Number of protein chains: 2
Amino acid sequence: MYENKYLTIYHDLAGKIRQGYWKPYDKLPSENELVKRYRTSRETIRKALNLLSEHGYIQKMKGKGSLVLDVGKYDFPVSGLVSFKELAQNMKQPVKTIVNELEVIKPDPDLKRYLHATSKDEIWKVIRSREIEGERIILDKDFFYKKYVPTLTREICEDSIYEYLEKQLKLKISFAKKEMTVEKVNDEDRKYLDLNGYDHIVVVKNFVYLDDATLFQYTESRHRLDKFRFVDFARRK
Amino acid sequence: MYENKYLTIYHDLAGKIRQGYWKPYDKLPSENELVKRYRTSRETIRKALNLLSEHGYIQKMKGKGSLVLDVGKYDFPVSGLVSFKELAQNMKQPVKTIVNELEVIKPDPDLKRYLHATSKDEIWKVIRSREIEGERIILDKDFFYKKYVPTLTREICEDSIYEYLEKQLKLKISFAKKEMTVEKVNDEDRKYLDLNGYDHIVVVKNFVYLDDATLFQYTESRHRLDKFRFVDFARRK
DNA sequence: CAGTGGTCTAGACCACGAC
DNA sequence: TCGTGGTCTAGACCACTGC
């Protein structure tokens, strides 16, 4: 067993819903029925069902049962941390990453504020363009502490930095604060993007924290207006 | 008692964190300690702590304890359904709602698609401008089935439609799908907003569902580029 | 080693919906 | 009335952290 019991059950049920074993507006078997089928306790079943609910697979109704929803498949983040490579897998278009800059710097005032860094800290600076269908439409600027990431190569940056950090370095990324605004384009945008005449750009700022709640990375993702799309599933309170 | 035990404990702890009883990077009492203090079981304490974690108040660490975070206060949606009135309370500026249109219509093709409506359905159409500091910067377009909402007045629209629906009509709004994009401004935007020369606009489309998973409302919120801001707290997977 | 949080259990009582 | 999901309990075992 690689997973918990409740995660196993969650993935099993989620898979069956995605594959159409239960269709939208079908009712799931009752909790007591699932207890029997999976030979487990009710609280464990309920953990799995709550995950399904949070992720938009089902709607639970007291006294009635759990209804299967037709959401649950998205082509863009469900309001979570999603790296470019994960995104690209969901896009049917050819996708390319261009590493424009890769160096170790001392933080400037802005960066000091963003990363709570001091003049002595060494910071990796990575600037990459994301090309889709021959146009560079996203500019990703990454800054993170060198003390956590001793080495970083062009090849890693062309692949997925997140995969390297999590799978190779075993850094545990736990949460992020995100802020989305629209700004005027600057010289850097003009240099590294095919702006197509747009003079504004969607800016997504990300503050990424590790497992022990230390701020580790600041990321700025700049999207051309016409190619920007953000999808979200939200439960009321 | 108005609430559950675990919600009571959650609100109690969240309040104490917000008021600084525990400061960022303090450790919360252990789960076993909280069990004693609140005279309850550990699973109930854990439900409360998991809520705190989801809402960005704490970071739990296996074998160590729960760390208090300095996030948890936001001035814009935490990636949830937030009505204008709730937003306005967090803004220190004078805020006004102008009801531009309020009528019952038959759905046009676009609306039929969005609301899964038929030609026979009657739909409330509400168009409102949101004015902050003397400028109309948000255009809210609301469409919902008349069968759920028999009466609707200008006064209600100037106040908060959500409050009316939930508190007066007891409709239970349970979840929403949200999509954010940027579009070119149209004549309606020009008519009802002070665009200040901007020729693009941030469009937030909202599909709102009731407790029984029926689609009830379609909302489009159009924000002037320079005034748009969206903040989000996200946990990794 | 003791203390922490993560998982799991078997049972209980409740509020709600449908018949 | 019965079946449903929502809450709560007391106890168990585990994995991880720190000393």
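What you see is a predicted model; the values in this text were computed from it and never measured. In what follows, chains carry the letters A, B, and so on, assigned in the order in which the sequence lines appear, proteins first and then strands, with residues in each chain numbered from 1.
Within the structure, every side-chain polar atom (N or O) of B:S30 is placed at least 4.0 Å from both OP1 and OP2 of C:dG3. In terms of phosphate contacts, B:S41 brings no side-chain nitrogen or oxygen within less than 4.0 Å of OP1 or OP2 of D:dC8. Under 4.0 angstrom from either OP1 or OP2 of D:dT7 there lies at least one side-chain N or O belonging to B:Y6. Between B:K5 and D:dT9 there is a side-chain polar atom (N or O) within less than 4.0 angstrom of OP1 or OP2. Under 4.0 angstrom from either OP1 or OP2 of C:dT9 there lies at least one side-chain N or O belonging to A:T40.
If you measure from atom NZ of B:K36 to atom C1' of D:dA10, you get 15 Å, rounded to the nearest angstrom. Following rounding to the nearest Å, A:D212 (CG) and D:dG18 (P) show an atom-to-atom distance of 10 Å. Between the CD1 atom of B:I58 and the P atom of C:dT4 there is a distance of 15 Å, rounded to whole Å. Rounded to whole Å, atom C1' of D:dG3 lies 12 Å from atom CD of A:E31. Atom pair A:I45:CD1 and D:dG5:C1' shows a separation of 13 Å (rounding to whole Å applied). Regarding A:N4, its CG atom lies at a distance of 12 Å from the P atom of D:dC16, rounded to whole Å. Look at CG on A:N50: it is 12 Å from C1' on D:dT7, rounded to the nearest Å. As rounded to whole Å, 6 Å separates atom P of C:dC8 from atom NZ of A:K47.
Considering B:D211, B:D212, B:L210 in turn, B:D211 is the only one that fulfils the side-chain contact (heavy atoms from CB on, under 4.5 Å) rule with A:Q59. Screening A:W124, A:Y209, A:Y145, A:Y114 for a ring pair (Phe, Tyr, Trp, His ring centres under 6.0 Å) with A:Y218, the sole residue that qualifies is A:Y114.
The side chain of A:S66 lies closest to D:dG5, out of C:dG5, D:dG5, C:dC8. Comparing C:dC8, C:dT4, D:dT9 against the side chain of A:T44 picks out C:dC8 as the nearest.
Remark: B:T118 engages B:K120, B:D121 in a side chain to side chain contact (heavy atoms under 4.5 Å, CB included) (not counting sequence neighbours). Listed by chain and residue number, nothing satisfies the ring-ring contact (aromatic ring centres under 6.0 Å, His included) test with B:Y21 (two or more places apart in sequence, or in another chain). Shown here are the side chain to side chain contact (heavy atoms under 4.5 Å, CB included) partners of A:T181, two or more places apart in sequence or in another chain: A:E179, A:E183, A:V203, B:R229. Partners of A:Y10 under the ring-ring contact (aromatic ring centres under 6.0 Å, His included) rule, at least two apart in sequence or in another chain, are A:H55.
Under 3.5 Å, the side chains of A:T219 and A:Q217 contain a donor-acceptor pair of N or O atoms.
Ring geometry for A:F228 against A:H223 counts as perpendicular: the plane angle is over 60°, on a 0 to 90° scale with 30° as the lower cut.
Close placement of the A:F233 and B:F175 rings is indicated, their centers lying within 6.0 Å of each other.
For A:K16 and A:D12, the salt-bridge test passes: some basic side-chain N is under 4.0 Å from an acidic carboxylate O.
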Between protein and nucleotides 11-14 of chain D, what N or O pairs are separated by less than 3.5 Å?
from   : atom 1 : to    : atom 2 : distance (Å)
D:dA12 : N6     : B:R42 : NH1    : 3.4

Report all interatomic pairs (protein N or O, nucleotide N or O of nucleotides 14-18 of chain C) with separations under 3.5 Å.
none

